[in-house]
Structures are given as structure tokens and as C-alpha cells.
Amino acid sequence: MSVTLKTDEEIGLMRVACKNLAKLHEELKDLIRPGITTLEIDRRAEEIITSMGCTPNFKGYEGFPASVCVSVNDEVVHGIPSAERILQDGDIVSLDSGMIYKGWHSDGARTWGVGNISGEAKELIRITEECFYKGIEKARPGNHLYEISAAIGEWATSHGYGVVRDLVGHGIGRSMHEDPDIYNYPQEDEGIRLEPGMTLAIEPMIAAGSGAVEWDKKDGWTVRTVDHSLCAHYENTILITEDEPEILSL
Ligand code: MG
């Protein structure tokens, strides 16, 4: 495993990719309504990313056909935008996207409600976001990586939710996915020591049910909960500093 530490100059470039991603998510949020297709969201995302002077990093990644993953209800991640997929009142939708600026990557996800959603769905979205914040409370130099993992997983399970174990967060920088893998549940060992200059994509994926998932056999991409329970996803690219972590993609 090789975990890279970024220089101030490199972090500056990542900061641009990440701030633009935050703006992208704010703009996409305003599009979410019953009746919009997931393809329309993707088209707009690509226009915005390009207009920012950036390149979508999802598009073409291992053949993924779009600039944003749009995952609805029991879909956890990697939903492929489609003209046939129309968002309905009461759905929850996760948008996961990222971009490259001068060779440096950003990655981040949000989950939104479509129209009026149930109290249960709202609570799942809220706790998933809280899991991220519980995780990054531990993202300080001198702590170990899996303290983040444990904090995320324990917050989810203490609310009766299931953690998606088959998907993980990751280091990020010159590539979208770098070492280390960042689990969303406690590990037996403590993991690497965190150091200033590490950039990490921390991304709890939390299900109302067990958290067990399966990949769509036809498209090979879409990941769904096996029990078809709702799933939420919240992700930011963060920087380990000398003290508090900096959330780059907010
Ligand atoms: Mg990610």
C-alpha cells in the first residue's frame, strides 16, 4: 500500500476540483423534482463540469458511461443515468460525482429527497450524513485510519441501520481511487497512522436494512441492497491537517 502525502501546491489544485464539485452538487440539488429523468441530471452535470474548466472523472472510468452516478431508493451506488428512469415523488436519490482539475481529482456524494419523502427516509439521510461527521472527528494526525471506520459504523448501527460493507472510501489525488481503502465499519487492527497532507474520500453508505448488496447482473454497475431497503450515501473529499480536518468538497 502506498499512501501519498500532497504538497501545498497539489492541495491547491485539489481544492479547486473540490470547491467546483461542491458547487455542482448545489446546482444539481435544484434540479431534483418528480418528473425529471436521471439522464437529464447527468447531462446538466456534464455541462456544469465542463463549463468550470474541469473534466468528469466518472465518465469512462472502467467504462462507466456517465458523469454522475444516480442511484434511486434501494440502489446504493453506480446507478447509470437513463432517459427511462423518471424520479417520483417520495423517492430518495443519491448523486455521486467528481471532476479533474489540472490532473487532480475530487469525489463526493449527496442524497436528496424527491418531493415529499417519508420520515424514515429523512432520518436515514440525516444519520448517514452524521456518520460522515462522526468519522471525520477522528481524522486527525496521530489517530489511526480505522478510528474513522469504527466511528462511522458504530453511529450507523447504534441507530439500527446496516452498513454497506462491500464498498469503501479511499485515498484520492492524482487518481480518483488511491490507497488506503476506508471501511465504514470497525476493523480488527488500527490501520495506518494519519498524517497531514493525506487526502481521503470518506463515504458512508448506510441502509435501512442489513446493508448486504448485490450488483445488477445486466448492466454490471448498479449496486442494490439485497433486501431492497432504502440506502443513503454521503461523501466528501477531505484533507488531514495539523489539527482539524478540512472538508475540501463543501
Ligand atoms: Mg468515492
Side-chain angles (χ1 to χ4, degrees), residues 1 3-4 6 11 14-15 17-22 24-25 28 41-42 45 49 54-71 75-81 93-101 103-112 125 128-129 131-136 139 145-146 148-149 151-153 156 163-185 191 194 198-207 211 213 215 221-224 231-240 245-250:
M1 185 168 63
V3 178
T4 57
K6 278 71 175 183
I11 290 163
M14 286 187 72
R15 201 174 268 121
C18 288
K19 294 296 168 204
N20 283 344
L21 176 59
L24 171 71
H25 274 304
L28 296 181
I41 296 166
D42 179 58
I49 292 169
C54 294
T55 312
N57 47 5
F58 283 39
K59 194 165 188 175
Y61 183 87
E62 293 181 4
F64 191 78
S67 299
V68 53
C69 298
V70 186
S71 307
E75 296 169 358
V76 179
V77 287
H78 306 163
I80 299 176
V93 60
S94 301
L95 306 180
D96 189 0
S97 190
M99 64 187 85
I100 309 166
Y101 178 72
W104 293 87
H105 288 249
S106 61
D107 187 5
R110 306 282 184 268
T111 300
W112 307 117
I125 293 170
T128 302
E129 195 171 323
C131 284
F132 167 84
Y133 284 98
K134 290 289 172 188
I136 66 162
L145 182 67
Y146 298 154
I148 298 174
S149 303
I152 291 171
V163 173
V164 174
R165 293 173 173 240
D166 291 352
L167 295 154
V168 295
H170 48 93
I172 179 168
R174 217 182 260 289
S175 305
M176 180 160 56
H177 295 126
E178 296 184 349
D179 287 335
D181 287 346
I182 307 172
Y183 304 96
N184 289 314
Y185 57 100
L194 298 172
M198 288 179 177
T199 45
L200 307 172
I202 295 180
E203 49 178 319
M205 288 157 268
I206 306 298
V213 296
W215 272 252
W221 279 105
T222 312
V223 180
R224 287 188 191 82
C231 190
H233 183 197
Y234 186 79
E235 177 184 25
N236 281 302
T237 299
I238 71 153
L239 168 69
I240 305 294
E246 182 183 339
I247 305 174
L248 298 174
S249 57
L250 268 190

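Below, each value reflects all heavy atoms present in this structure, side chains not excepted, and no hydrogens, waters or symmetry copies. What you see is a predicted model, and the numbers here were worked out from it, not measured in a lab. Remember, it's 1-based here, ligands and their atoms both numbered in the order they're listed. Throughout, residue positions are numbered sequentially from 1 according to the sequence presented.
Under the rule for a side-chain hydrogen bond (donor to acceptor under 3.5 Å, both in side chains), His78 has no partner lying at least two apart in sequence or in another chain.
Within the 4.5 Å cutoff, no side-chain heavy atoms of Val77 are placed close to those of Cys69. At least one side-chain heavy atom of Cys231 sits under 4.5 Å from a side-chain heavy atom of Val164. Counting heavy atoms from C-beta outward, Ile152 and Val163 have side chains that stay 4.5 Å or more apart. Contact annotation: the side chain of Met176 approaches that of Phe58 to within less than 4.5 Å [non-hydrogen atoms, C-beta and beyond].
Protein contacts to the Mg ion (ligand 1) involving N, O or S atoms at a distance below 2.8 Å are Asp107 OD2, His170 NE2, Glu203 OE2, Glu235 OE2.
For the side chain to side chain donor-acceptor pair (under 3.5 Å) criterion with Asn236, the lone passing option out of Arg110, Glu203, His25 is Arg110.
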